[in-house]
Amino acid sequence: MNIKPIKTRKDYRAALKEVESLMSAIPGTDEGDRLDVLVTLVEAYERIHFPMDLPDAVDAIEFRMEQQGLSVKDLEPVIGRRNRVYEILSRKRPLTLRMIKGLHTKFGIPAESLLKQSVRKPRREAA
């Protein structure tokens, strides 16, 4: 198995091409092992050169709602009354630590995303 580190974009493209050709490899075979090592190298290269930012709390909640077919009513036991859920989803109110813990525990939403909050500041009326 002659595999080298991915150092350049050219190396990266070549590794992706080879990964694609090995996608049907059977685990435990030489080809399967080669695929496993190449995927690990590609992931390491991508982590450094194409870092992905975590979604904010509301985006993470909405994604999980869509993914699991959840409704606002499903969030009420964790967040509170319906109007509170809508305030959270419209970014008018931040999540509390209790809400974050509940959303993470009950729905498996990554705590790192739930801690990343952006609350809309109310617009000031012109005097």
Heavy-atom distance under 4.5 Å between the side chains of [X] and [Y], does that happen here?
X      : Y     : result
Phe107 : Leu75 : yes
Asp11  : Leu41 : no
Met23  : Leu35 : yes
Tyr45  : Arg9  : yes
Leu89  : Met65 : yes

Between [X] and [Y], is there a shared hydrophobic cluster once you connect ILVMFWY residues whose side-chain heavy atoms come closer than 4.5 Å?
X      : Y     : answer
Leu115 : Leu54 : no
Leu38  : Ile26 : no
Met99  : Tyr86 : yes
Phe50  : Ile48 : no

Heavy atoms of other groups near Glu20 CD, more than 12 under 6.0 Å: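 Open.
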Glu66 atom CD, over 12 foreign heavy atoms within 6.0 Å: no
Minimum heavy-atom distance between [X] and [Y], given as atom pair plus value:
X      : Y     : result
Leu70  : Arg64 : CD1-O, 4.0 Å
Asp59  : Pro55 : CB-CB, 3.9 Å
Gly32  : Ala25 : N-CB, 3.7 Å
Ile100 : Leu95 : CG1-CB, 3.8 Å
Arg82  : Lys73 : NH2-CB, 4.0 Å

Starting at [atom1] of [X], measure out to [atom2] of [Y] and round the result to the nearest 0.5 Å.
X      : Y      : atom1 : atom2 : answer
Asn83  : Ile88  : CG    : CD1   : 10.5 Å
Tyr12  : Glu46  : OH    : CD    : 3.5 Å
Ile109 : Thr105 : CD1   : OG1   : 10.5 Å
Ile61  : Leu114 : CD1   : CG    : 6.0 Å
Thr40  : Ile6   : OG1   : CD1   : 10.0 Å
Glu112 : His104 : CD    : NE2   : 7.5 Å

Partner residues of Asp36 under the side chain to side chain donor-acceptor pair (under 3.5 Å) criterion, sequence neighbours left out: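 Applying side chain to side chain donor-acceptor pair (under 3.5 Å) to Asp36 gives none.
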Ignoring hydrogens and angles, tell me if any N or O in the side chain of [X] forms a donor-acceptor pair with the backbone of [Y] under 3.5 Å.
X      : Y     : answer
Ser90  : Glu87 : yes
Lys106 : Val78 : no
Asp74  : Ser71 : yes
Arg91  : Val58 : no

